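A quick write-up on the structure given underneath.
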Amino acid sequence: MSALPSPSPADLVSAALRQPQQLAALTLAGWDALVRQARRAGLLARIGSMLEAQGSLARVPRSARAHLDAAMMLSEFHRAQAMRTLALVQEALAPTQVEPVIVGGAAYVAAGLLPAMGRVFTDIEVVVPAGRLAEVRTALLVRGWSDAPNTRTQEIAQRGEIRGWGSLIRDRCRCALVVHDERGTPAGRDVDRLDDFAGLAVPDPAGMVLHAMVKLFHRMDIGHGLRDLSDLDLLLRHYGRMPDFWTRLEQRARDADALGSLCQGLRFAQGLLGTPVPPGTLEQVAARDARPLLRALNDQVWSRALRPRHSMVSDRWSRPALFALRFKARGRQVAPALVLQRPSFAAV
Amino acid sequence: LIVADLASADLDRALRATGLRVRTGPLVAAIRSTQPALHEAIALHYAQHPVEPDNAFADVHASIEPAGRRPGWAGARVVFDSDGERPFPPVPAREAHALLERGLDWCLLNHCHQYLFVRAAVVVRNGRALLLPGPPGIGKSTLCGGLAFAAGWQLFSDGVALVVPASARVVPLARPVCLKGDSIDAVRGVAPSAVFGPLLRGAAQDRVAYASPAAVSAIDGVDAMPAWVVLPRYEAGAPTRLQGHSRARSFMSLVENAFNYDVHGRAGFAALADVIDRCECHELVYGNLAEALACLDRLTVSSR
């Protein structure tokens, strides 16, 4: 298999995520550049949390440390807001007996997974059975939620990328709620029920990883591509130790016809962030895709899309690359909801 | 090294090349621009501010550059950019300084949550801070300008108070005072020696001018303990009235005017409660700036 283009030496963020221990050698000017890039990539708080977990946050120069602390504080606030919103959703939907599946960033928070670390997000995505949408909507409206006016999510919904309606908001609640239908009622659902939130569930490990991958590679808004790749990296590091995980992941991707995304996700996670992938896995998932030229071009494009969106890291091809990806995603009707449904439910 | 020490050509070069790193209060701002109007504004308003070396860590990276390659039909426009983020629409080039100040505030409020931000003017005398919280247009900048330029108070900040949550002390920001409409004349009336930049917007309803903090600012960055919270309210023609205000209401006023109170959670509540515990709380209605200054002077002298 062809090798990925090597990471840009100017990209300090992926280098920091790959080898956080190297940050000890960073000069003050280096920290200045890293903080700027990481903030733009939405990964400042994660780098802070990683250093805190390693016990090396105290060695960061004071001026840079203040920014890491501030970002971590904001991320903790977002986490608390997400937990509160989930409790409100749980309470609102309890009478309907619907078991909503939480996906995306909120799922990491709800399940206490590693990618919740240093994460910032403004909406919570929930998937409910297609036939129950109206009922769920009524239950939420009765409990104080209302349609969010002119939000970005609503725009996306109007373009038809997301099935369902626009996001809902609630007074004194910072997170918007995006409800997707799951397109087609599944006979059974591969989900993990949450201990802390009875009645709510998250996708099972393979579903969670595939959802993250497809979401990363198939949506129009790739502003936080590196952050999403870092989510994926942390998920794989967490689940990768579970017995059978890799076989199940491959099988699920095969069933959902998402081998391309899986292969691409694994290659970039491994190449950019050093994600441990068992030997042979990549070859197995890559077997079907044998168009070397197209792949080389694709790699060049994505290697630019997965850099922090900062002038220090961009080159002359960055803008065309992002434009091409946006153009490619434009006509596609693949929505996170649809995608979740594929890995989680199609295999059942 | 302070900005006034730089020759005009050096200042120009620094602003055009890597960016001039200026310390304003606890923060270092790296400012980059090719706009001559902005260079003049920086030379005037930031004259006494320390200049940091090029390789120093900058908390804020700001640039003011032309919005397009060619000037549009309405003349050249400039845009604020911080690491690729452009939170505001372009403005005419002559308003570059107003845009910079707005942009620096945006960076501060979005990136520096180590501080609790309260929408308040802060002035200090003998190490004790007077906080004037309130929504925009309530008359706090006018009072702040009067206190700093005419009554000998040290200027900490005009629009945003920086409260350190752990100590409940306020930190000086040392930035120009933004005055609008009639308050420009009011401050000029009580402080003829105050140095103003050019009027930035033409329409009489919407005049904006920045008063230079160079002579009155707390450039040294030493923090201060809040001692008074005064809720100001300007009412044209009203007699000056200063009266005690409930601590609970004053606390709520701080909360309502805080930008990131919820981000700080319990620590934010404790910090603002601490501020109120240490302060005398008053409400001030004024229609005449000179009277209001005399009133505040009596208050702060008598409670010493």
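Protein chains get the first letters and strands the later ones, always in sequence-line order, with residue 1 at the start of each. The figures that follow rest on heavy atoms only: side chains count, while hydrogens, waters and symmetry mates do not. Only a predicted model underlies this, so the values are computations on that prediction, with no experimental measurement involved.
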> If you draw the axis of the six-membered ring of B:F88, does the NZ or CZ of B:R102 fall within 45° of it and under 6.0 Å from the ring centre?
Replying inline: yes
>> One thing to verify: whether B:R86 and B:D81 come together as a salt bridge, which I'm taking to mean a side-chain N less than 4.0 angstrom from a carboxylate O.
In response: yes
>> Which atoms of B:H111 are under 4.5 Å from chain A, going by heavy atoms: the side chain, the backbone, both sets, or neither?
In response: both
>> Looking at chain B, which one of A:S314, A:A66, A:S63, A:A71 has the largest number of heavy-atom pairs inside 4.5 Å, strictly under?
In response: A:S63
>> Does any backbone or side-chain atom of B:A30 lie under 4.5 Å from a heavy atom of chain A? Answer side chain, backbone, both or neither.
In response: neither
> Does the distance from a Lys or Arg side-chain N to an Asp or Glu carboxylate O, for B:D158 and B:R175, drop under 4.0 Å?
Replying inline: no
> Quick one: does A:D228's side chain have a donor or acceptor within less than 3.5 Å of a partner on A:G225's backbone?
Replying inline: no
>> Pairing donors with acceptors under 3.5 angstrom, does anything connect the side chains of A:H67 and A:R39?
In response: yes
> Is it the side chain or the backbone of A:S311 that comes within 4.5 Å of chain B heavy atoms, both, or neither?
Replying inline: neither
> What part of A:R36 is in contact with chain B, defined as an atom under 4.5 angstrom from a non-hydrogen atom: side chain, backbone, both or neither?
Replying inline: both
